[in-house]
Protein chains: 2
Amino acid sequence: MAVMPRISAVDRRAQLLDAAWRVLLAEGIGGATTRAICAEAGMPQGAFHYCFSSRDQLLTEVAAVMLPRELSAATQAISRGGTLVDTVHRTLLAYWELVEAEPRVHQVIYEITALALRDPALSTPTRARYAGDPTAVAAVLEQIAEVRGIVWDRQVPVLAAQIVAVLDGLTLQYLVGGDPGAAREALLACAQDVAGRGRRVRRVAPALVGAAR
Amino acid sequence: MAVMPRISAVDRRAQLLDAAWRVLLAEGIGGATTRAICAEAGMPQGAFHYCFSSRDQLLTEVAAVMLPRELSAATQAISRGGTLVDTVHRTLLAYWELVEAEPRVHQVIYEITALALRDPALSTPTRARYAGDPTAVAAVLEQIAEVRGIVWDRQVPVLAAQIVAVLDGLTLQYLVGGDPGAAREALLACAQDVAGRGRRVRRVAPALVGAAR
DNA sequence: GTCTATAGGAAGATAGAC
DNA sequence: GTCTATCTTCCTATAGAC
């Protein structure tokens, strides 16, 4: 067995956070023991508590870093072309492709969420995520409205809550059932429903104002 | 310490399943150890493996019994009065009231679901639930269509998947955020969307015309 | 057939060596 | 300041007593 080189605690922290994420993806929360994480990081288990005061603290930090990454890619996918349905649909799909590309990431998010409901230490980053997602989606909706010259005829936070719920629910269905086709159909249907709530307000041509209603 | 009375294995099984459910509700999956369950059932831990071959087996049986109970109450709430939106809304609310009344039950369902994604033994009852819910919802939709004399202008399985996703997602949001108001608003919005997919095909009796739509 | 003492292992954490 | 041998605890499961 090789002799352990002396490594600063801050470096070890980074290595452990990295290793923890890999273990979480591969083994889930149940498998993310301090021993497994240290093994993945190539260091003895005892080193763990030199960097983190507890397993809980590490999980909390992992959650704080990883949970917010989820939506960022999807919220940049707003495009101008096509119908309103297309625009909404493409935005939803941008998120969905993240789910299909990395289902494990979302699986871990659910595991962390479930754990956070029992463990006060984890609840802060989790609550932040569940408060942040609807807010981010609401921002996207506002952006779409701005770009397309429409208003939503439903309270935007309610619309956002609905969308987040559908995405979360479909993700869960997909993780359990593994049928991406069903999810994509539901996603299109959702896009149609959402687009159905858009009302034109910006003048395109005077003649259209009356027809738009 | 009291002497243990001799009890048949089948009776102990029932007691353990009962106790397991209570422990699951109170402590979650993580706290549902064989020891905790036996303590709750008032029997020594060693008795456990006389009735179940493993902790996994007990959890599987609990899941098989408990998961299907969830929707049954909600699917009996179809009423005829009011608009189509009202009918759909009341049906969704019937389910939602179960969530608000017993959030812990749904929390445990998510925990079992998350565990099942890692543990093949638990996947059977869980998959059954995730396949069964959309089917049950689809049946309710067919029933509503029949009662109201409409057809859905979207594939019923897709509509059902959407509804189940919204309910699952809102439940998760509610468990994390604890805001029933937000969920109820989103539920009403969902009911409006669903009702928007109903197309009248049968002429309703004159007396009902005023009340309908 | 019913029950229990005990094995056997893995977890998180720490005291103290270098 | 960096690292590791060891402690305590709590788990599931079994071998064998009644």
Side-chain angles (χ1 to χ4, degrees), chain A residues 1-21 23-24 26-63 111-112 115-116 118-122, chain B residues 1-20 22-24 26-63 111-112 115-116 118-122:
Chain A
M1 185 173 291
V3 175
M4 281 293 132
R6 289 175 81 87
I7 299 173
S8 80
V10 286
D11 286 348
R12 281 218 191 281
R13 268 184 83 90
Q15 289 171 6
L16 282 170
L17 283 168
D18 238 51
W21 187 239
V23 172
L24 280 168
E27 312 288 341
I29 281 239
T33 64
T34 58
R35 297 183 128 82
I37 293 166
C38 287
E40 173 70 28
M43 60 180 84
Q45 186 267 338
F48 187 92
H49 289 277
Y50 182 63
C51 304
F52 294 93
S53 68
S54 72
R55 173 175 176 271
D56 235 50
Q57 193 198 0
L58 174 132
L59 286 180
T60 305
E61 292 195 22
V62 169
E111 290 175 341
I112 291 177
L115 194 62
R118 305 274 179 191
D119 178 350
L122 273 168
Chain B
M1 183 177 293
V3 174
M4 282 293 133
R6 289 175 80 89
I7 300 173
S8 79
V10 287
D11 287 347
R12 282 220 191 280
R13 267 185 84 90
Q15 290 172 6
L16 281 170
L17 283 168
D18 239 51
R22 290 196 298 274
V23 173
L24 280 168
E27 311 288 340
I29 281 239
T33 65
T34 58
R35 297 184 123 79
I37 293 166
C38 287
E40 172 70 27
M43 59 181 85
Q45 186 268 337
F48 186 92
H49 288 277
Y50 182 63
C51 304
F52 295 92
S53 67
S54 70
R55 173 175 177 270
D56 235 50
Q57 193 197 2
L58 174 132
L59 285 180
T60 305
E61 291 194 24
V62 169
E111 290 175 341
I112 291 177
L115 194 61
R118 305 273 179 192
D119 179 350
L122 274 168

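Bear in mind the structure is a predicted one, so any value in this text is a computation, not a measurement. What you see below is based on every heavy atom in this structure, not just the backbone, and it leaves out hydrogens, waters and symmetry mates. Order of the sequence lines sets the chain letters (A, B, ...), proteins ahead of strands, with each chain counted from 1.
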Length of the [atom1]-[atom2] vector between [X] and [N], whole Å:
X      : N       : atom1 : atom2 : answer
R13(A) : dT2(D)  : CZ    : C1'   : 16 Å
E27(B) : dC10(D) : CD    : C1'   : 15 Å
L16(B) : dC3(C)  : CG    : C1'   : 13 Å
I7(B)  : dG1(C)  : CD1   : P     : 17 Å
L58(B) : dA13(D) : CG    : P     : 11 Å
M43(A) : dA5(D)  : CE    : P     : 16 Å
Q15(A) : dC3(D)  : CD    : P     : 10 Å
I29(A) : dA11(C) : CD1   : P     : 15 Å

**Q.** Partners passing side chain to side chain contact (heavy atoms under 4.5 Å, CB included) against D18(A) (at least two apart in sequence or in another chain)
**A.** R22(A)

Q) What pairs with Q45(B) under side chain to side chain contact (heavy atoms under 4.5 Å, CB included), at least two apart in sequence or on another chain? A) T34(B), R35(B), H49(B)

Q. Is there side-chain contact between M43(A) and L16(A), with at least one heavy-atom pair below 4.5 Å?
A.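 Yes, at least one pair of side-chain atoms sits under 4.5 Å.
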
(Q) Using 0.5 Å steps for rounding, measure from the CD atom of E40(B) to the CD1 atom of I37(B). (A) 9.5 Å

Q) Where along nucleotides 13-18 of chain C does protein come under 4.0 Å, by heavy atom, of base (B) or sugar-phosphate alone (S), with - for untouched nucleotides? A) BB----

Q: Compare every heavy atom of A9(B) with every heavy atom of C51(B), then report the nearest pair and how far apart it is.
A: SG-O, 3.9 Å

Q: Would you confirm whether R118(B), through its side chain, and I29(A), through its main-chain N or O, come within 3.5 Å as a donor-acceptor pair?
A: no

